[in-house]
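Every number for a ligand or one of its atoms is a count from 1 in the order of the listing.
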Amino acid sequence: MLDLSAQFQQLKGDLMPAIESVLEKAAFINGSEVAEFAKELSHYTGIKHVIPCANGTDALQLALMALDLPEGSEVICPGFTYIAVAEVCKLLKLNPVFAEVDAETFNLDPFEIEKHITPMTKVIVPVHLFGQCCDMESIMAIAEKHNLFVIEDNAQSIGAECYYSDGSVKPAGGIAHIGTTSFFPSKNLGAYGDGGAVFTNDDILAKKIKTLANHGQEVKYQHKMVGINSRLDTLQAAILLVKLKHLEAFTEIRRATAAAYDEAFKDMEQIRIPKRFSKSTHVFHQYTLRILDGDRTKIMASLKEAGIASMVYYPLPIHKQEAFLTEQSLPVCESLSKEVISLPIGSEMSKESIEYITSTFKQIIKQK
Ligand SMILES: *Cc1c(COP(=O)(O)O)cnc(C)c1O
């Protein structure tokens, strides 16, 4: 889906000295690169506090732990997303409540959220899926009205910006009370292993999250609260420091690839190209199409035969997963799971490969 080894070849000259320097200093845990990366990412996003941690799932867990929610509190999250948020809710004895998403943007539909609000509701978790922001202005207004916390899962949309109706522009992950992200290798800002971070503009929450991520200690061997062990490796921080410098340029390449795909597919009746949400920029973590009329399995097999990768994010909505099964019906989430297909997109896409993918894909769809 993306060519990480080609990207490595491009950045090798900067990456190898950075890696070597960590190895030479042998500062594998909490080396200076960790704090330096947090500072640079704070600068890049414009979010005051960046607390690095071990992965994006831990980031969500830390965010929820920091809110001190009573057992059984309800957390509203989208039904069509990655499993992480639902999973950490269950682990923390909270109840994930799944809400419908918008069929065009794939993101949590603000109009659906209020239907699920009960006296037990404490948090809304919008997930900025595939590279663009949810309607944060509406979601924050609903949260304020019902006195709820909001945690933005920004694992897929780092660098995206959200437009407000007063003309202001806010960074994805820095709008809600807390934001989270992941540096999983295939994410837009990917490490060479696991990594994640928590974002907040709130000084008190930041201090608490930092403490929670470090076994609940502010002072070594003085444990103020029950925490977890969740750290970003120094090696990963050193790698991310190099890669962060290229993030904007890589995003532009993703956007150009998406534009080429759009242009090639826009008039095809059998598919829907991804909608650009008017209140957000798009960083194209994924280029996700909907196949309205066709056998997706067969289409993917034909693509594979032609040497083209494709993936389905996500083949089963969360409320239909065995571990989270509910009686709920969320028709949009369910039909999206059957219709979506993601095509290769990354920082290393030649004009020739884009042309090959678009012409082959069109041919396959037409044959159907
Ligand atoms: C990748 C991802 C996560 C989890 O990140 P990990 O670093 O793999 O734990 C959480 N939420 C979303 C939406 C993701 O895409």
Side-chain angles (χ1 to χ4, degrees), residues 1-2 4 37 41 50-65 75-92 96 98-99 101-102 105-108 123-134 136 139 150-160 172-173 176 178-199 209 213 228-233 235-237 239-240 243 254 274 280 282-288 311-318 321 323-324 333 336-337 340 342 345-346:
M1 293 293 284
L2 79 170
L4 286 175
F37 170 65
L41 190 57
V50 175
I51 302 117
C53 65
N55 56 65
T57 308
D58 272 12
L60 284 162
Q61 179 170 344
L62 287 164
L64 283 166
M65 284 172 81
V75 178
I76 298 176
C77 46
F80 180 73
T81 184
Y82 186 60
I83 202 73
V85 63
E87 196 170 45
V88 293
C89 282
K90 288 280 194 184
L91 289 172
L92 297 173
F98 308 112
V101 299
D102 180 277
T105 63
F106 311 114
N107 273 333
L108 197 55
V123 189
I124 307 170
V125 182
V127 180
H128 303 316
L129 208 64
F130 301 153
Q132 65 184 347
C133 301
C134 297
M136 288 307 291
I139 292 172
V150 180
I151 298 171
E152 289 166 77
D153 181 347
N154 196 32
Q156 300 191 3
S157 301
I158 198 152
I178 309 177
T180 65
T181 199
S182 162
F183 307 120
F184 186 82
S186 64
K187 300 284 151 92
N188 288 30
L189 179 59
Y192 290 158
D194 278 308
V198 187
F199 301 112
I209 292 161
I228 60 173
N229 172 25
S230 192
R231 295 184 283 243
L232 179 69
D233 284 359
L235 264 177
Q236 301 304 340
I239 289 159
L240 289 165
K243 285 201 165 189
R254 287 174 180 273
S280 173
H282 206 317
V283 298
F284 283 100
H285 174 59
Q286 296 297 342
Y287 185 87
T288 303
M311 289 288 276
V312 172
Y313 305 109
Y314 295 93
L316 197 59
I318 304 188
Q321 298 283 349
F324 298 88
C333 294
L336 284 179
S337 286
V340 290
S342 301
I345 195 161

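Evaluated by nearest non-hydrogen atom to atom 2 (C) of ligand 1, the leading choice among Q156, Q286, K187 is K187.
Interface atoms of ligand 1 facing N55, defined by a heavy-atom separation under 4.0 Å, are 7 (O), 9 (O). For ligand 1, the atoms lying closer than 4.0 Å to a non-hydrogen atom of V127 are 13 (C). For ligand 1 and A84, the ligand atoms under 4.0 Å from any heavy atom of the residue are 10 (C).
Remark: the N188 side chain and the H285 side chain contain an N/O donor-acceptor pair separated by less than 3.5 Å.
Residue H128 forms a side-chain contact (heavy atoms from CB on, under 4.5 Å) with just one option from N154, T181, I158, and that option is N154.
Using cut-offs of 30° and 60° on the angle between ring planes, the pair Y314 and F80 is perpendicular.
Considering both main-chain and side-chain atoms, T81 never comes within under 3.5 Å of ligand 1 through any nitrogen or oxygen pair.
Under 4.0 Å from ligand 1, the heavy atoms of D153 that appear belong solely to its side chain. At a 4.0 Å heavy-atom cut-off, ligand 1 touches T57 through backbone and side chain alike.
For atom 8 (O) of ligand 1, the nearest non-hydrogen atom of the protein is F184 CD1, 3.9 Å. Nearest protein heavy-atom contact of atom 3 (C) of ligand 1 is Y82 CD2, 3.5 Å.
Here the side chains of L108 and V127 are not in contact, with every heavy-atom distance at 4.5 Å or above. Contact of the L41 side chain with the L189 side chain is registered, since non-hydrogen atoms from C-beta on lie closer than 4.5 Å. Two residues are said to be in side-chain contact when any heavy atoms from C-beta on lie closer than 4.5 Å; Y287 and S342 fail this criterion.
H285 does not count as a contact of ligand 1, since none of its heavy atoms falls under 4.0 Å from the ligand.
The ring pair (Phe, Tyr, Trp, His ring centres under 6.0 Å) search around F130 returns F106, not counting sequence neighbours.
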